[in-house]
Amino acid sequence: MTTADVIIIGGGPSGVAAGLTLRKQGVPRVVLLEREAELGGATRHCAHSPFGMREFGRVYFGAAYGRRLARAAHKAGLDIRTGHAVTAVQPHGVVQVVSAQGLQTLQARRILVMTGARERSRAARLLPGDRPQGVITTGTLQASLAFHGLRPFRRPVILGTELVSFSALLTCLTHGIRPVAMIETAPAPLARWPLRLFPRLMGIPLLCGVEVSDILGTPNVNEVTVRKGGATRALACDGLLLTGRFTPESALFLQSDIGVEPATSGPAIDQYGRTHDPLIFAGGNILRAIETGGWAFREGRAVGAAVADDLRQSPETAPPVPVTFDAPLRLVVPSLLRRSTRPQRAFPSFQLRFDRAARGVLRLTLDGEEVWRKRGAWRPERRVLVPLPPQATQAEHVHFHFDERS
Ligand SMILES: Cc1cc2nc3c(=O)[nH]c(=O)nc-3n(C[C@H](O)[C@H](O)[C@H](O)COP(=O)(O)OP(=O)(O)OC[C@H]3O[C@@H](n4cnc5c(N)ncnc54)[C@H](O)[C@@H]3O)c2cc1C
């Protein structure tokens, strides 16, 4: 009953890039399953640039970039099935799919799961207060504006200061929505300078180190109360925009024997993008929310190349070695290494993130021997890249140490 050589789940930048690479490397039967009506993933509702410079040599707005991905996917001869939601990934390369045609079981020699990430909802953030309309994520705001022409509010409070929070601010300003404030629980904005100057330049107050202590209003929001230390402050507004705090869209792994890692909430993968199941790979934002569209595209391409290589050989089944780390590191990707000499690694570097701001020395040891070190001031939510040494795949113990210095 084999349907395909490879089934890709998710038609965002990473899934499309993986498909293009597989076809370019001569893999004949590549099926791309996407639950939405169109390809493009999260980029489709971004009414702003920049997308696509490195992969297509020009800058696109999000929606146009999504269309560009779709054109490339059609031209490459991928078997594209939109309106197909995968409900389960199972051993032996089996996937269960629901579409207008009903339930289907498909099977492939390899499966790539590239289902992206989403912002945490109000419930997941445990925000107190009333339950009025108008408490939404950036993705929902952008989709309301782009697909339905609906403005859910005029004067929201923006919660968060990650890169996407500034995308949210820009979306608001370009649609006649004037945020009353941007607020952040951390002591300083999480996005890089000079982005953090943007609210100030726009005359929008930026309040850091504050918690949302109440949301008031029925049926719509009319006030968000914030607390800093013992003092509270009422912000009159008509909405609360929840930005960032992305989490991988990993329900398919949670429901399978593969599971997810507590550190990333995504699947554990090795240097090829392979999960604990030798036939199932993953890439893009499902690994560690969240990176840019270009990053997801490049990662999809790299995992696609590793899968094409894998199809020419027998799957790697050696038990993986876990990559471990000290606090305040929050995550490491890849978090598994398989003993292998295959050159087609999808991940030339470890990707690390810190949980909080910290100063000190970051070190990598292989079987107790130090192979890399760097001193620095490390910030949360910033990508840290550490080259993955070839000999790491032969080690029994791979550990990132952190020696904190004040
Ligand atoms: C609000 C917002 C603003 C952003 N702004 C920028 C920006 O300005 N510049 C930039 O470079 N990046 C930006 N990004 C990031 C960029 O959009 C993502 O990095 C990129 O889309 C991730 O690609 P991906 O393929 O990993 O996942 P996604 O793009 O999320 O694609 C995943 C796809 O999988 C599909 N899927 C999920 N589950 C299933 C299932 N069970 N069955 C079938 N299909 C499924 C989804 O429908 C989706 O199409 C932004 C993201 C957001 C959310």
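Sequence positions, counted from 1, serve as the residue numbers for this chain. In listed order, ligands and their atoms are each counted from 1.
- Taking the ring centre of Tyr60 as origin, the terminal cationic atom of Arg58 falls inside the region bounded by 6.0 Å and 45° from the ring axis.
- Nearest to atom 49 (O) of ligand 1 by heavy atom, out of Glu34, Arg81, Arg44, is Glu34.
- For ligand 1, the atoms sitting less than 4.0 Å from at least one non-hydrogen atom of Ile9 are 42 (N), 43 (C), numbered in the order shown with element in parentheses.
- Residue contacts with ligand 1 for Phe297 are absent, since no atom lies close enough (heavy atoms, distance under 4.0 Å).
- Side chain to side chain, Thr393 and Gln271 fail the donor-acceptor criterion of an N or O pair below 3.5 Å.
- Between Arg382 and Arg192 there is a side-chain heavy-atom pair separated by less than 4.5 Å.
- Distance alone, capped at 3.5 Å, is enough to place a donor-acceptor pair between the Arg122 side chain and the Pro128 backbone.
- Atom 34 (O) of ligand 1 has as its closest protein heavy atom Gly10 CA, 3.2 Å.
- The shortest contact between atom 44 (N) of ligand 1 and any protein heavy atom is with Arg35 N, 3.2 Å.
- Nearest protein neighbour of atom 15 (C) of ligand 1, counting heavy atoms only, is Glu291 O, 3.6 Å.
- Contact atoms of ligand 1 toward Val164: 1 (C), 2 (C), 3 (C) (distance under 4.0 Å to a heavy atom of the residue).
- Counting protein heavy atoms only, atom 8 (O) of ligand 1 is closest to His48 CE1, 2.7 Å.
- Residue Gly300 places every heavy atom at 4.0 Å or more from ligand 1.
- For the residue pair Gln142/Thr171, the side-chain donor-acceptor check at 3.5 Å is satisfied.
- Residue-level proximity to ligand 1 for Ala42 is carried by backbone and side chain together, each with a heavy atom below 4.0 angstrom.
- Of the protein's non-hydrogen atoms, the one nearest atom 25 (O) of ligand 1 is Ser14 OG, 2.6 Å.
- Atom CZ of Arg233 has 12 or fewer heavy atoms from other residues, nucleotides or ligands within 6.0 Å.
- Heavy-atom proximity to Ala85, at under 4.0 Å, picks out these atoms of ligand 1: 42 (N).
- The closest protein non-hydrogen atom to atom 16 (C) of ligand 1 is Gly293 N, 3.7 Å.
- For atom 42 (N) of ligand 1, the closest non-hydrogen atom on the protein side is Val86 N, 3.0 Å.
- Summary of contacts: the protein heavy atom closest to atom 10 (C) of ligand 1 is Phe51 CE2, 3.2 Å.
- When the options Pro13, Gly116, Gly12 are ranked by their closest heavy atom to atom 21 (O) of ligand 1, first place goes to Pro13.
- Geometrically, Arg68 engages Phe56 in a cation-pi contact defined by less than 6.0 Å to the ring centre and at most 45° from the axis.
- Put simply, the side chain of Thr3 never gets that close to the backbone of Leu106: no donor and acceptor are under 3.5 Å apart.
- Around the CZ atom of Arg200, the shell of radius 6.0 Å holds no more than 12 heavy atoms that belong to other residues, nucleotides or ligands.
- Residue contacts with ligand 1 for Gln142 involve side-chain atoms from C-beta outward but no N, CA, C or O (heavy atoms, distance under 4.0 Å).
- Arg339 places a side-chain N or O within donor-acceptor distance of the main-chain N or O of Gln394, the cut-off being under 3.5 Å.
- Within ligand 1, counting atoms from 1 as listed, the ones closer than 4.0 Å to a heavy atom of Phe246 are 53 (C).
- Of all atoms in ligand 1, numbered sequentially from 1 with element shown, those under 4.0 Å from a heavy atom of Gly41 are 29 (O), 31 (O), 48 (C), 49 (O).
- When the heavy-atom distances from atom 18 (C) of ligand 1 to Ile286, Val97, Asn285 are ranked, the shortest goes to Asn285.
- Panel note: side chain Asn285, backbone Ala117; no donor-acceptor pair is recorded below 3.5 Å.
- Against a heavy-atom cut-off of under 4.0 Å, Glu36 is close to the following atoms of ligand 1: 47 (O).
- Annotation: Arg342, atom CZ; neighbour count of heavy atoms from other residues, nucleotides and ligands within 6.0 Å is above 12.
- Listed by atom number, the atoms of ligand 1 under 4.0 Å from Gly284 heavy atoms are 26 (O).
- Two residues are said to be in side-chain contact when any heavy atoms from C-beta on lie closer than 4.5 Å; Leu352 and Phe325 fail this criterion.
- Here Ala296 has side-chain heavy atoms under 4.0 Å from ligand 1, and that is the only part of it that gets that close.
- More than 12 heavy atoms of other residues, nucleotides or ligands shown are found within 6.0 angstrom of CG on Leu311.
- Interface of Thr138 with ligand 1, defined as ligand atoms under 4.0 Å from a residue heavy atom, comprises 1 (C).
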